[in-house]
K.L.:
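The following block contains the structure, expressed as structure tokens.
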2 protein chains.
Amino acid sequence: MNTDPDPRFQRSRQAILSAARELLLEKGPVAVTHAQVAERAGVGRATVYRHWPRPDELLAEAMATVPMPLLDNPTVPTRQWLTRELTTLAQQLELADVRAVATTLASTALWDHQMDARRAQFATILADRLASALDTAHDRGEVTLTLPVRDAAAFLVGPIYYRSTIEHGPAGSTLIETLIAAIGTWTTP
Amino acid sequence: MNTDPDPRFQRSRQAILSAARELLLEKGPVAVTHAQVAERAGVGRATVYRHWPRPDELLAEAMATVPMPLLDNPTVPTRQWLTRELTTLAQQLELADVRAVATTLASTALWDHQMDARRAQFATILADRLASALDTAHDRGEVTLTLPVRDAAAFLVGPIYYRSTIEHGPAGSTLIETLIAAIGTWTTP
DNA sequence: GCGCTATGAGTCAAGGTGTCTCATAGAATG
DNA sequence: CATTCTATGAGACACCTTGACTCATAGCGC
């Protein structure tokens, strides 16, 4: 990416990104404008223009600085891996900035191609990791699935995502354990 | 509500609401401004101000004109009712305007109290209807649930919502049947 | 036909946006 | 340390949008 070593450049860049992320978190994506970001970052308005001529690209990069809860690479036993990863995902979705990025992504993806590409990438990674983990578990005789592996992401992540973004509550361990138990017949406890 | 019988008033009101809904669907909530709505509706800009002094209230009312997929009042047998209602909900979530309203609601609820109230109302209605239906089913001996009834909405609606808003695909009958089967032990087929 | 009123076109000030210039401070180089 | 380069901040500028107002007009109920 940009390898400009000038510390002034990097300082401004980081200050602007932080300010944009704060504004997104506090006031939503519409608050990420050149003027508001510049004031929050303590830099000149022209500086923001030089770094990001368009506000939507700044918003996109600011959103990218928030670590989204993707799943770690699968390990065995798969059931323990699932418990661990879904619990982590649920905890991450309780963080205000993660929830802000997730809902903003889902919403703006409907009208912005760049955001839609990020949404698709996010969905694909989650689905692929789950599919690969469950395929492995099946091959190892750990589980017999009750649904197509392509539905696993919706089945497992959907409830946690809904609980967080629509019901605004925490996805407890009971719900997570029920989900894992319901995805198939486990031979391991 | 407003019972002004003057047809001019009602005509303008409907034209403005339709235009706002179209703009929301085509360009997203940020496109619902007085100027754009007025042009789309074919009315004067001042007329939009007279009807809705603030754009966010216009957006809220325009969103309210899109019928959101709540569940019908529960009937028995509960399993058939669930299949029917969840299938309808999945179909509704495939409509572009329903998806636009749902994701806009989830997103703006984080920064707008009025929208958050609507989100909470929506979540409560779904959870209550499902809870009441499943309580009835349990009392009738139709099913033994494998999770607290308060988790039913996340468990059943979450995957459909995730499939639609994140994966941008249809929730097929296989997924829906699997969900219903997994929520407990059914004594009825 | 006659009041009444919502409308549309227009004006206007205020504020935000995008673009440019220029002096300056900070960084790299010798 | 001196010199050169460059990112910056402040400001100026035209442009557009927003919010608020006026007023003649057309459509409505009576």
Side-chain angles (χ1 to χ4, degrees), chain A residues 1-63 65 104 108 111-112 114-115, chain B residues 1-24 26-63 65 104 108 111-115:
Chain A
M1 303 293 279
N2 200 325
T3 55
D4 192 325
D6 192 326
R8 293 172 297 176
F9 187 90
Q10 296 300 334
R11 244 195 324 264
S12 296
R13 178 186 166 82
Q14 290 307 318
I16 292 169
L17 274 179
S18 294
R21 193 178 55 239
E22 288 172 26
L23 283 169
L24 167 65
L25 179 59
E26 292 172 22
K27 302 183 186 175
V30 291
V32 181
T33 65
H34 284 131
Q36 291 190 66
V37 168
E39 189 187 0
R40 172 73 63 115
V43 303
R45 202 159 55 93
T47 303
V48 184
Y49 274 92
R50 275 188 282 261
H51 283 256
W52 285 276
R54 283 171 29 205
D56 55 319
E57 291 183 357
L58 169 57
L59 174 62
E61 281 208 53
M63 286 171 64
T65 67
T104 300
T108 56
W111 304 286
D112 182 302
Q114 188 187 359
M115 289 291 184
Chain B
M1 306 290 279
N2 200 324
T3 55
D4 192 325
D6 192 326
R8 292 172 297 178
F9 186 90
Q10 296 300 334
R11 236 188 340 254
S12 296
R13 179 187 166 82
Q14 289 308 318
I16 293 169
L17 274 179
S18 295
R21 194 178 53 238
E22 288 172 26
L23 283 169
L24 167 65
E26 292 172 22
K27 303 184 185 174
V30 290
V32 182
T33 65
H34 284 133
Q36 290 190 66
V37 167
E39 188 187 0
R40 172 74 62 115
V43 304
R45 200 159 57 91
T47 303
V48 183
Y49 274 93
R50 275 189 281 260
H51 283 256
W52 285 276
R54 282 169 31 202
D56 55 319
E57 291 184 357
L58 169 57
L59 174 62
E61 280 208 54
M63 286 172 64
T65 68
T104 300
T108 55
W111 304 287
D112 182 302
H113 286 110
Q114 188 187 358
M115 289 291 183

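The analysis underlying the following values was restricted to heavy atoms, covering all of them including side chains, and did not include hydrogens, waters or symmetry mates. Chain letters run A, B, ... following the sequence lines, proteins first and then strands; every chain starts at 1.
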K.L.:
Below the 4.0 Å mark, does D:dG27 have OP1 or OP2 next to a side-chain nitrogen or oxygen of B:Arg11?
P.N.:
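For D:dG27, neither OP1 nor OP2 has a side-chain N or O of B:Arg11 closer than 4.0 Å.
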
K.L.:
Expressed in angstrom and rounded to an integer, what is the separation of A:Arg50 atom CZ from D:dA7 atom P?
P.N.:
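These atoms are roughly 9 Å apart.
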
K.L.:
Tell me whether the OP1 or OP2 atom of C:dA6 has a side-chain N or O from B:His51 closer than 4.0 Å.
P.N.:
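Checking B:His51 against C:dA6: no side-chain N or O falls below 4.0 Å of OP1 or OP2.
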
K.L.:
Under 4.0 Å between a side-chain N or O of B:Ser12 and OP1 or OP2 of C:dT7?
P.N.:
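B:Ser12 to C:dT7 OP1/OP2: side-chain N or O found under 4.0 Å.
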
K.L.:
Are A:Thr47 and D:dG9 close enough that a side-chain N or O sits under 4.0 Å from OP1 or OP2?
P.N.:
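Yes, because at least one side-chain N or O of A:Thr47 sits under 4.0 Å from OP1 or OP2 of D:dG9.
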
K.L.:
Please tell me which of the listed nucleotides, C:dA27, D:dG27, C:dT17, lies nearest to the side chain of B:Arg8?
P.N.:
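Nearest to the side-chain atoms of B:Arg8, counting from C-beta on, is D:dG27.
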
K.L.:
From C-beta outward on A:Phe9, which listed nucleotide comes closest to its side chain: D:dA10, D:dC28, D:dT8?
P.N.:
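When the side chain of A:Phe9 is considered, D:dT8 is the closest of D:dA10, D:dC28, D:dT8.
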
K.L.:
Take the protein atom CD of A:Gln10 and the nucleotide atom C1' of C:dA27, then report the distance between them rounded to whole Å.
P.N.:
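After rounding, the gap between these two atoms is 13 Å.
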
K.L.:
Among the candidates D:dG27, D:dG19, D:dG9, find the nucleotide nearest to the side-chain atoms of A:Val43.
P.N.:
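The answer is D:dG9, which lies nearest to the side chain.
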
K.L.:
Send over the distance from B:Tyr49 OH to C:dT11 C1', rounded to a whole Å.
P.N.:
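To the nearest whole Å, that distance equals 14 Å.
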
K.L.:
Let's see if you can work this out: which of D:dG29, D:dT18, D:dG9 has an atom nearest to the side-chain heavy atoms of B:Thr33?
P.N.:
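Closest nucleotide among those given: D:dT18.
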
K.L.:
Counting side-chain heavy atoms from C-beta on, which of C:dT17, D:dG27, C:dA25 comes nearest to A:Arg45?
P.N.:
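Looking only at side-chain atoms, A:Arg45 lies closest to C:dT17.
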
K.L.:
Would you tell me if any nitrogen or oxygen in the side chain of A:His34 comes within less than 4.0 Å of OP1 or OP2 on C:dG18?
P.N.:
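It does, given that an N or O in the side chain of A:His34 lies less than 4.0 Å from OP1 or OP2 of C:dG18.
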
K.L.:
Which part of the nucleic acid, if any, lies within contact of B:Ala46, taking any heavy atom under 4.0 Å across all strands shown: a base, the sugar-phosphate backbone alone, or nothing?
P.N.:
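Base contact.
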
